[in-house]
Amino acid sequence: MSNGQKDPSDKKTKQPVSVVLKNNLFLLKLMLKASPAFVIIPAVDAVRGQLSIFFEHTVGIGYVLEAAEKGYPFEQVFWVIIVLAAAITLGMVFTAFSGDYIMEKERPKVKEKIKIMLYERASKVDLSCYDDPEFYDSQVLALSEVDNQIDELEGLVISVLSGLTAFTSNGIYFILKDKPSILFVIVSFILGYVFNQMFIKVNYKARIERNPSERKRNYIERMFYLSDYAKELRMNPDVAGIMYDRFDKASEEIIETDRKYSRKRFFIEFMRKHIANFFICDTIYIAYLVVMAVVTKSVSIATLAILYNSFGRLKHGMNVFTETYPASCETSLYIQKIRDFLNTKPKIVSEGDEKATKAAKRIDLENVTFSYKPDSPAVINDISLYIKPGRKIALVGYNGAGKTTLVKLLMRLYDPTSGTIKTDGTDIKKYDLESYRDSIGAVFQDFNIFAGSVRENVVLAPPENTDEAKIISSLRDSGLYDRAMRLPKGLDTMLTTEFDEKGLNLSGGESQKLAIARVFYKDAGLMILDEPSSALDPIAEYQLNHAMLGATGDKTVIFISHRLSTTRIADHIFMLEDGKIVEEGNHEQLLAMNGKYADMWKAQAGAYIAV
């Protein structure tokens, strides 16, 4: 960076040796726990492989050359070669049937178990984490890199053990035959290590800088292959042009980042490969051997051949070490992201052990205020309200009024910045969190249909917890039963084509009815319906909502709607504006006020003439 300023990402790439070791050991322990064979057998094979090479190329060839020079009996040489060949063959069999087979068999298991850990954590982090772009970037990086880092760490373990075995076996041979040769290896090792450290840090900085642009580009890529966007893209082709421009811009940002680091990468790579390795090892050392053999005649031709042959393997062993620690540093940086994600502790936790019941809830909000970030404006402003058990409540207001945020607070997806929320006289923080949320059924405005059967989409729980009669009843109450029964496999019909190419995609209205069926199946004490019928026309919306509210029985219901066709049958209506309750009452009372609710009703009245 210019003006002598340090790149702030330097702090993120500098790691103490202890941190590098702890991070790599952390993932290694997870791999061992998931499958001991996946780690141990390749490790054993790495040691065996280098010992096999040493005995074949150093001991074996050395013995044959010595036998030729000293005239050992043919039969003795023959049996030595046979024993070596048998040992090497057995080693190859071990690699093929134990190493390769078990590694490929166990690899998916290891990745699956570790990914499930990440998915479980992702399902429990606070919703507020997704409001933080930095957290989201780190989560995406952790989830996308875990497979790579498992493979990288497995390779590191193999490299370390291979290099250590090659260095130890060949190093002992060199010490016995020609100690000065070790100096060439040490110099190459030190230079290679320094340049590898520099190269890894540059690569990591570039990756971190590219990550936001790559996320933008990945989003645009998904737009063009996911069915979610297919209709909009075809009906609004100009959107594609906008996205092409944004894709190009994101690509240019990535190219610019790569260009920014390209010269530094080239220089470091040149010094690492050609100076630290090839020049020292393949030029200077060869000259040294020629002098030793031709000028001083201090080594025999046989010893010279073995030294040169073995030096290549010793150099390779040392090269692995020069690359192993820097590579483990790079792996450590990514593993740190995985560890940070796994160590993310939810702030919304049970502060008591009260068990919530599924009876109709009484709700009290006392001076509740909420903002998504400490330095951002309040979305909910000092709201107080009281809802009797079993009442049907409507929250109305224009976009941005705070309706959805308010019900998120009720569901304890967020906690208020100030104020208290109580149900049945108890602060909701005092309930066991899982029990409390289980007592609430919700249809979100942006609900999702999961890749599974109709039955699974209603129950959203393991098969052993399925109640067939409740599924049927829930589908009847939501108005989807007849349609579900006409499907090719009834309740076992798969939805979406993610897992089944013959899967069915429901219409928008059908999907909403399915989401509503989930609420009925849950039999919750509080039902929250956020725009539950927005995909329907006003008449169909009114009919569905009327039937739906009737099916809720004595449960407490809160529903949100921009359209007011259903509010007439609500027991009480709260109209929100700028996070505050500006009007409340039943439909007739609010119309009589001739205020903001009445204005909204009049603006929409044309759609409700037939209702």
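Hydrogens, waters and symmetry mates are skipped; everything else that's a heavy atom, side chains included, is used.
Shown here are the ring-ring contact (aromatic ring centres under 6.0 Å, His included) partners of Phe38, two or more places apart in sequence or in another chain: there are none. Legend: residues meeting side-chain contact (heavy atoms from CB on, under 4.5 Å) with Val157, ordered by chain and number and at least two apart, are Leu28, Ala43, Leu161. The side-chain contact (heavy atoms from CB on, under 4.5 Å) test applied to Ser453 returns Arg455, Glu456, Met494, not counting sequence neighbours. When the ring-ring contact (aromatic ring centres under 6.0 Å, His included) test is applied to Phe370, the partners found at least two apart in sequence or on another chain are Tyr372, Tyr414.
The side-chain heavy atoms of Leu491 and Leu475, taken from C-beta on, include a pair separated by under 4.5 Å. Two residues are said to be in side-chain contact when any heavy atoms from C-beta on lie closer than 4.5 Å; Arg339 and Asn23 meet this criterion. Under the 4.5 Å side-chain criterion, counting only non-hydrogen atoms from C-beta, Ile440 is not in contact with Leu410. In this structure, the side chains of Val39 and Val110 stay at 4.5 Å or more apart for every pair of heavy atoms. Looking only at side-chain heavy atoms (C-beta outward), Phe266 and Arg263 stay at 4.5 Å or farther from each other. Within the 4.5 Å cutoff, the side chain of Ile581 has heavy atoms near those of the Leu576 side chain. Contact annotation: the side chain of Ile380 never approaches that of Pro416 to less than 4.5 Å [non-hydrogen atoms, C-beta and beyond]. Residues Arg483 and Leu487 meet the side-chain proximity criterion, which asks for heavy atoms closer than 4.5 Å.
Closest non-hydrogen pair, Ala37 versus Pro42, comes out as O-CD, 3.4 Å. Considering every non-hydrogen atom in both Lys522 and Gly441, the closest pair reads CD-CA, 4.0 Å. Here the closest heavy-atom approach between residue Lys403 and residue Gly397 is recorded as NZ-O, 3.1 Å. Heavy atoms only, all atoms of each residue included: Ala378 and Ser371 are closest at CA-CB, 3.8 Å. When all heavy atoms are compared, the tightest approach of Cys329 to Val20 is SG-CG2, 3.8 Å. What you find for Leu480 and Lys513 is that their closest heavy atoms are CB-CB, 4.0 Å.
A salt bridge between Asp258 and Arg210 is present, with a side-chain N of the basic residue lying under 4.0 Å from a carboxylate O of the acidic one. Glu106 and Lys109 are joined by a salt bridge, as a carboxylate oxygen and a charged side-chain nitrogen come within less than 4.0 angstrom of each other. With respect to the salt-bridge test (charged N to carboxylate O, under 4.0 angstrom), the residues Glu209 and Lys205 do not qualify. A salt bridge does not link Arg265 to Glu269: none of the charged side-chain nitrogens sits closer than 4.0 Å to a carboxylate oxygen.
Atom CG of Leu156 sits about 9.0 Å away from atom CD of Gln149, to the nearest 0.5 Å. The structure places CD1 of Ile348 at 11.5 Å from CE of Met411, a figure rounded to the nearest 0.5 Å. The CG atom of Leu406 lies 7.5 Å from the CD1 atom of Ile560; values are rounded to the nearest 0.5 Å. One distance of note links CG of Asn381 with CD of Glu577; it measures 11.5 Å at 0.5 Å rounding. A distance of 8.5 Å separates CD1 of Ile558 from CZ of Phe574, quoted to the nearest 0.5 Å. Atoms CG and CG, on Asp530 and Leu395 in that order, are 9.0 Å from each other to the nearest 0.5 Å.
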Item to check | Test log, rule side chain to side chain contact (heavy atoms under 4.5 Å, CB included), inputs Asn218 and Arg222 | outcome: CA-CA 6 Å; Asn218 290 338; Arg222 292 197 301 273; 4.1 Å; yes

Checklist entry - Are Leu409 and Asp415 close enough, and set up right, to give a side chain to side chain contact (heavy atoms under 4.5 Å, CB included), and what steps lead you there? => result CA-CA 6 Å; Leu409 294 174; Asp415 277 338; 5.9 Å; no

Item to check | Derivation and outcome, side chain to side chain contact (heavy atoms under 4.5 Å, CB included), residues Leu504 and Leu495 | outcome: CA-CA 5 Å; Leu504 180 70; Leu495 301 180; 4.3 Å; yes

Checklist entry - Can you check side-chain hydrogen bond (donor to acceptor under 3.5 Å, both in side chains) on Gln336 and Asp340, steps first, answer last? => result CA-CA 6 Å; Gln336 187 65 56; Asp340 289 344; 2.9 Å; yes

Next on the checklist: I'd like to know whether Tyr244 forms a ring-ring contact (aromatic ring centres under 6.0 Å, His included) with Phe224, so could you lay out the CA-CA distance, the side-chain angles of the two residues, the decisive distance to 0.1 Å, and finally the verdict.
Outcome noted: CA-CA 11 Å; Tyr244 295 153; Phe224 288 99; 5.5 Å; yes

Item to check | side chain to side chain contact (heavy atoms under 4.5 Å, CB included) evaluation trace for Val443 with Arg518 | outcome: CA-CA 8 Å; Val443 178; Arg518 294 170 182 167; over 6 Å; no

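Under the salt bridge (charged side-chain N to carboxylate O under 4.0 Å, His left out) criterion, no residue pair touches residues 240-251, with sequence neighbours excluded. Screening residues 144-153 for salt bridge (charged side-chain N to carboxylate O under 4.0 Å, His left out), with sequence neighbours left out, gives Arg107-Asp151, Lys111-Asp151, Lys115-Asp147, Glu145-Arg207.
Remark: side-chain polar atoms of Arg121 are paired, donor with acceptor, to backbone N or O of Leu342 under 3.5 angstrom. Looking at Ser328, its side chain does come within 3.5 Å of a backbone N or O of Tyr325 through a donor-acceptor pair. A donor-acceptor distance shorter than 3.5 angstrom exists from the side chain of Asp126 to the backbone of Lys347, with no hydrogens or angles considered. Lys113 contributes a side-chain N or O that, together with a main-chain N or O of Ala34, makes up a donor-acceptor pair within less than 3.5 Å. Judged purely by atom type and a 3.5 angstrom limit, Asn196 has no side-chain atom pairing as donor or acceptor with the backbone of Pro326. A donor-acceptor pair under 3.5 Å is absent between the side-chain atoms of Arg217 and the main chain of Ser251, judged by distance alone.
Annotation for Glu434: atom CD does not count as buried by contact number, only 12 or fewer foreign heavy atoms lying within 6.0 Å. Enclosure of atom CG in Asp578 is not indicated, since only 12 or fewer non-hydrogen atoms of other residues, nucleotides or ligands lie within 6.0 angstrom. Counting heavy atoms of neighbouring residues, nucleotides and ligands inside a 6.0 Å radius, atom CZ of Phe279 does not exceed 12 of them.
Ring geometry, Phe195 versus Phe267: the interplanar angle exceeds 60°, so the pair is classed perpendicular (tilted spans 30 to 60°).
Judged by a 6.0 Å distance limit and a 45° cone about the ring axis, Arg412 is not positioned over the six-membered ring of Tyr436.
For Phe450 and Phe499, the ring centers are positioned 6.0 Å apart or more.
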